[in-house]
**Q** 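The structure under discussion is supplied below as structure tokens; questions concerning it will follow.
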Protein chains: 2
Amino acid sequence: MSQTIKVLLAEDQSMVREALAALLGLEDDIEVVAQVARGDEVLAAAREHAVDVALLDIEMPGATGIEAAALLHTELPAVKLVILTTFGRPGYLRSAMESGADAFLVKDAPAAKLAEAVRKVLAGERVIDPTLAAAALADGANPLTDREREVLRAAEGGSTNAELAAALHLSQGTVRNYLSTAIQKLAVRNRAEAARLAREKGWL
Amino acid sequence: MSQTIKVLLAEDQSMVREALAALLGLEDDIEVVAQVARGDEVLAAAREHAVDVALLDIEMPGATGIEAAALLHTELPAVKLVILTTFGRPGYLRSAMESGADAFLVKDAPAAKLAEAVRKVLAGERVIDPTLAAAALADGANPLTDREREVLRAAEGGSTNAELAAALHLSQGTVRNYLSTAIQKLAVRNRAEAARLAREKGWL
DNA sequence: CTCGTCGTATGACATCTGTCATCCGGCACT
DNA sequence: AGTGCCGGATGACAGATGTCATACGACGAG
């Protein structure tokens, strides 16, 4: 009785994207009507093909799946949003939910969960892994300020304080202060550990 | 006239693995007869199902796809080996080839390349991306010694020299010496950059 | 209007990191 | 027998990093 569900697939790795499309193509009530490889192509494609559900990977060039979700949520609020990601990072789940996502799946869940999630969000349900939800709640919100995040992100690659200062238009001392407070907030002992932990939590 | 090609799929992310299986299932001359999620389950499965081609992801628990390839190459030399990876790292390509792989594909290649590669390796051809091959040759071999690699790998997470020394049963000074020589060999300015570069090249 | 927080900055200090010279034993190649 | 590399170690030194106290203007919550 119902129409087939029109799905948009956003994922940058062609092989994975096309494989997921093949997988969803096996379901007779689901049709993948659009595929994009970049976050900044999501909105136009969703609009053009009048999709019911957008399936968004997080790590993408152009814009992240989370950013794309936020945009879709305000521009096309009827579109249901499923975030699909390699990394089950608590911070990702949190920001996905804040940007209006209806489902959050990790790629190491069984493939059957995917079609299931598509149907559930369309029925108005939300789909999230309870373990991950618990982790996200236990961690609390991202404790870093905007600047601390920026500096930490820039410091990940191993740049020196002088380079960071130049790149961010700050004094060297200020860079050190930000890194120092970030290190304390995260309860670690140096910038590398701070970066690792923040990355792992999905806070960068 | 020929039988269907029996393929083993090794990939840890269920959703991706099953999606790839769906993709290959669309080809009538190819049949996925076995799926595993760990590197150390590859050999047994390949043996049990008498597969023609093994499709191996690199990043897997238990053993990497490269290690699995090396094992298959000596134990079941008739099995053709296709390495499939997210990261087109020159060092990965080099070690894949050294361990007897017949094809090396990155996941952001078009999906059609996958079935194509399976058929080609079975016909005795080798399949590698020319750009990546050039990069691998240009980079030369891994310049790091075993110990340098170990120390660098351990240092990635941000551990201090004292922790590294304890973990590796070395003196602090020796740890610093290894890191120092690694830093010089890689022509970078600190351990973080050294780790980043070595990781990117596939040398860790 | 005041308090707290953020962004920014400085200076002083202690510790960690990276470099260098030098040493030893083992092992492979010539 | 000698040369060179690897694993391992020490000590000294310079420079980078992390901590702390302190300061100021902007801004939002109360």
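Every chain is numbered from 1, with letters handed out A, B, ... down the list of sequences.
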**Q** Return the set of residues passing side-chain hydrogen bond (donor to acceptor under 3.5 Å, both in side chains) with D40(B) (not counting sequence neighbours), or none when no residue passes.
**A**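 Partners of D40(B) under the side-chain hydrogen bond (donor to acceptor under 3.5 Å, both in side chains) test: R38(B).
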
**Q** Which residues within residues 170-181 of chain B lie with some heavy atom under 4.0 Å of an atom in DNA chain D?
**A**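 Output list: L170(B), S171(B), G173(B), T174(B), R176(B), N177(B), Y178(B).
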
**Q** Are R119(A) and E27(A) close enough for a salt bridge, meaning some N to O gap below 4.0 Å?
**A**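 Here R119(A) pairs with E27(A) in a salt bridge, since their nearest N and O are under 4.0 Å apart.
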
**Q** Without swapping roles, check the side chain of S14(B) against the backbone of D108(A) for a donor-acceptor pair under 3.5 Å.
**A**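 Yes.
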
**Q** Heavy atoms only: give me the nearest I183(B)-A194(B) pair and the separation to one decimal.
**A**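 Closest approach of I183(B) to A194(B), heavy atoms only: CG1-CB, 4.2 Å.
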
**Q** Which residues in residues 190-204 of chain B have at least one heavy atom lying under 4.0 Å from any atom of DNA chain C?
**A**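 By residue number: N190(B), R191(B).
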
**Q** In residues 145-169 of chain A, which residues come under 4.0 Å of DNA chain D by heavy atom?
**A**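 Going residue by residue through residues 145-169 of chain A, the ones with a heavy atom under 4.0 Å of DNA chain D turn out to be T160(A), N161(A).
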
**Q** Salt bridge check: are E150(A) and R153(A) linked by an N-O gap of less than 4.0 Å?
**A**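 Salt bridge between E150(A) and R153(A), a charged N being under 4.0 Å from a carboxylate O: no.
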
**Q** From the 5' end of DNA chain C to its 3' end, which nucleotides mark the outer limits of contact with chain A, defined by a 4.0 Å heavy-atom distance cut-off (strictly under)?
**A**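 Going 5' to 3' along DNA chain C, contacts run dC6(C) to dA12(C).
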
**Q** Below 4.0 angstrom, N of the basic side chain to O of the carboxylate: do R17(A) and D57(A) qualify?
**A**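 Not counted as a salt bridge, because no side-chain N and carboxylate O are separated by less than 4.0 Å.
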
**Q** With R189(A), which residues qualify under side-chain contact (heavy atoms from CB on, under 4.5 Å), at least two apart?
**A**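 Per chain and number, R189(A) pairs via side-chain contact (heavy atoms from CB on, under 4.5 Å) with E193(A), T160(B), E163(B).
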
**Q** Taking T174(B) for the side chain and L170(B) for the main chain, is one N or O donor matched with an acceptor at less than 3.5 Å?
**A**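 No.
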
**Q** Would you call R89(A) and E200(A) a salt bridge, using N to O less than 4.0 angstrom?
**A**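 No.
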
**Q** What residues, two or more places apart in sequence or in another chain, satisfy side-chain hydrogen bond (donor to acceptor under 3.5 Å, both in side chains) together with N190(A)?
**A**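 side-chain hydrogen bond (donor to acceptor under 3.5 Å, both in side chains) check on N190(A) returns nothing, list empty.
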
**Q** With sequence neighbours left out, what residues match D52(B) under salt bridge (Lys or Arg N to Asp or Glu O under 4.0 Å)?
**A**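 Salt bridge (Lys or Arg N to Asp or Glu O under 4.0 Å) check on D52(B) returns nothing, list empty.
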
**Q** Which heavy atom of L144(B) sits nearest a heavy atom of A198(B), and at what distance?
**A**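 What the structure gives for the nearest pair is CD1-CB, 4.3 Å.
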
**Q** Does anything in residues 61-88 of chain B pair up under salt bridge (Lys or Arg N to Asp or Glu O under 4.0 Å), and if so which pairs, sequence neighbours excluded?
**A**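 Every salt bridge (Lys or Arg N to Asp or Glu O under 4.0 Å) pair that includes a residue of residues 61-88 of chain B, provided the two are not neighbours, is R47(B)-E75(B).
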
**Q** Do E148(B) and K185(B) sit within salt-bridge range, that is, some charged N less than 4.0 Å from a carboxylate O?
**A**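 Yes, this pair counts.
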
**Q** Once you round to the nearest 0.5 Å, how far does CD1 of I83(A) lie from CG of L55(A)?
**A**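 Rounded to the nearest 0.5 Å, the CD1-CG separation comes out at 9.0 Å.
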
**Q** Bend across the helix from dC1(C)-dG30(D) to dT30(C)-dA1(D), to 10°, with axes taken over 5 pairs at each end?
**A**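 Inter-axis angle at the ends, rounded: 40°.
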
**Q** When you compare the protein's N or O atoms with those of nucleotides 26-29 of chain D, which come within less than 3.5 Å of each other, and at what distance?
**A**
none

**Q** Any idea which heavy atoms bring A155(A) and L179(A) closest together, and the distance?
**A**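 Smallest interatomic distance, heavy atoms only, reads CB-CD2, 4.2 Å.
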
**Q** Which residue pairs satisfy the salt bridge (Lys or Arg N to Asp or Glu O under 4.0 Å) criterion with at least one member in residues 170-182 of chain A, sequence neighbours excluded?
**A**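 Non-adjacent pairs meeting salt bridge (Lys or Arg N to Asp or Glu O under 4.0 Å): zero.
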
